[in-house]
Amino acid sequence: MNTHTILLYDGECSFCNGTVQWIIARDPHANIRFASQQGELGQALRDKHQLPVELDSLVLIDHGKAYVYSDAAIRLTKYLHRAWPLAQVLYIIPGFIRNAVYRFIAKRRYQWFGKAKACMLPTPEIRARYLD
């Protein structure tokens with residue numbers, strides 16, 4: 001498997017695809033790579049980390065460990081530029097509260113943002129960051 005920090009996202013979710021584009025714009029050193037959870041690599045990584053099929057979360061694989069829900073979202077900010085690493089302070093909010101907010105949004109993301117009808121055509125540099 002790959003040793004990069006990998007973000008597994010829902011490839012069918014418009015909000016998730018938009019989030020990936022948002023991260024790319026704020027990760028100038030290309031620290032984070034991307035794989036859809038529906039792809040072969042995404043499935044293999046979910047299996048390797050024994051993540052349940054019904055898990056409704058981004059998954060961040062960082063230093064060999066899988067992070068889900070708000071932990072994944074907050075942890076990935078340490079790789080972004082400018083002030084985004086300051087978001088690590090959100091860890092002071094108890095996980096059950098952070099995750100309740102995360103799950104509330106995740107449960108409604110298709111209703112609010114829809115499913116992706118088409119994928120963007122990335123530049124070769126950005127395409128290299130997608131692992132499947």
Side-chain angles (χ1 to χ4, degrees):
M1 297 275 172
N2 204 303
T3 60
H4 294 289
T5 298
I6 301 171
L7 182 67
L8 302 179
Y9 65 98
D10 180 349
E12 297 176 348
C13 170
S14 293
F15 179 71
C16 301
N17 281 292
T19 299
V20 167
Q21 298 313 307
W22 184 88
I23 292 167
I24 288 170
R26 288 155 184 82
D27 180 17
H29 302 294
N31 294 308
I32 301 171
R33 300 292 194 263
F34 306 95
S36 96
Q37 293 188 32
Q38 293 85 359
E40 203 172 302
L41 178 60
Q43 290 291 318
L45 286 169
R46 286 174 64 102
D47 291 347
K48 177 183 177 182
H49 292 279
Q50 300 176 339
L51 299 172
V53 173
E54 65 279 357
L55 179 71
D56 197 12
S57 174
L58 291 172
V59 178
L60 186 72
I61 310 293
D62 192 24
H63 292 94
K65 184 171 183 213
Y67 298 87
V68 296
Y69 302 118
S70 64
D71 287 337
I74 295 170
R75 187 169 182 90
L76 73 81
T77 65
K78 77 178 185 172
Y79 294 107
L80 306 180
H81 75 297
R82 300 215 169 118
W84 286 105
L86 296 175
Q88 302 291 301
V89 74
L90 293 172
Y91 280 124
I92 66 170
I93 299 170
F96 74 93
I97 295 171
R98 288 185 282 112
N99 290 335
V101 172
Y102 186 101
R103 287 182 179 118
F104 178 83
I105 295 168
K107 188 175 185 177
R108 292 159 180 81
R109 71 186 188 279
Y110 289 137
Q111 177 185 349
W112 293 344
F113 303 101
K115 287 193 174 193
K117 292 180 175 80
C119 297
M120 69 138 208
L121 296 174
T123 64
E125 296 82 24
I126 292 174
R127 178 67 195 128
R129 295 179 67 182
Y130 285 82
L131 300 174
D132 61 2

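Values reported hereafter were calculated over all heavy atoms of this structure, with side chains retained and with hydrogens, waters and symmetry mates removed.
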Quick check: closest heavy atoms across Arg82 and Pro85, and the distance to 0.1 Å?
O-CD, 3.3 Å
With heavy-atom distances below 4.5 Å as the criterion, would you say the side chains of Leu7 and Arg33 are in contact?
no
Using only atom types and a distance under 3.5 Å, with no angle test, would you say the side chain of Gln43 pairs donor to acceptor with the backbone of Gln37?
yes
Is the shortest heavy-atom distance from the side chain of Thr19 to the side chain of Tyr9 under 4.5 Å?
no
Taking the side chain as every heavy atom from C-beta outward, state whether Asn99 and Ser70 have any pair of such atoms under 4.5 Å apart.
yes
Would you indicate whether the side-chain heavy atoms of Leu55 and Arg46 approach each other to under 4.5 Å?
yes
Does the side chain of Leu58 come within less than 4.5 Å of Val68's, by heavy atoms?
no
His49 NE2 to Lys65 NZ distance, which is reported to the nearest 0.5 Å:
11.0 Å
Can you confirm whether Asp62 sits close enough to Lys78 that some side-chain heavy atom of one is under 4.5 Å from a side-chain heavy atom of the other?
yes
Taking every non-hydrogen atom, the tightest pair across Ile24 and Phe34:
CG1-CE1, 3.5 Å
Mind running side chain to side chain contact (heavy atoms under 4.5 Å, CB included) on Trp22 and Asn17 for me, showing each step along the way?
CA-CA 9 Å; Trp22 184 88; Asn17 281 292; over 6 Å; no
Shared hydrophobic cluster for Trp84 and Ile74 (ILVMFWY, side-chain gaps under 4.5 Å):
no
Is there a side-chain contact between Tyr102 and Lys107 (heavy atoms, below 4.5 Å)?
no
Please list all pairs passing the salt bridge (Lys or Arg N to Asp or Glu O under 4.0 Å) test where one or both residues lie in residues 50-61, with sequence neighbours left out.
Asp56-Arg109
Side chain of Asp27, backbone of Ile32: donor and acceptor closer than 3.5 Å?
yes
Would a single hydrophobic cluster contain both Tyr79 and Tyr69, if residues Ile, Leu, Val, Met, Phe, Trp and Tyr are joined by side-chain heavy-atom contacts under 4.5 Å?
yes
Are Phe96 and Ile93 connected in a single hydrophobic cluster, I mean Ile/Leu/Val/Met/Phe/Trp/Tyr linked by side-chain heavy atoms less than 4.5 Å apart?
yes
Step by step, would you call Leu76 with Leu60 a side chain to side chain contact (heavy atoms under 4.5 Å, CB included)?
CA-CA 7 Å; Leu76 73 81; Leu60 186 72; 4.0 Å; yes
Once salt bridge (Lys or Arg N to Asp or Glu O under 4.0 Å) is applied, what residue pairs with a partner in residues 85-98 remain, sequence neighbours excluded?
Asp71-Arg98
Let me check something: do Tyr91 and Ile97 share a hydrophobic cluster, defined by ILVMFWY side-chain heavy atoms less than 4.5 Å apart, either directly or through other members?
yes
How many angstroms lie between atom CG of Leu90 and atom OG1 of Thr77, to the nearest 0.5 angstrom?
7.5 Å
pair Leu45-Ile6: side-chain heavy atoms closer than 4.5 Å
yes
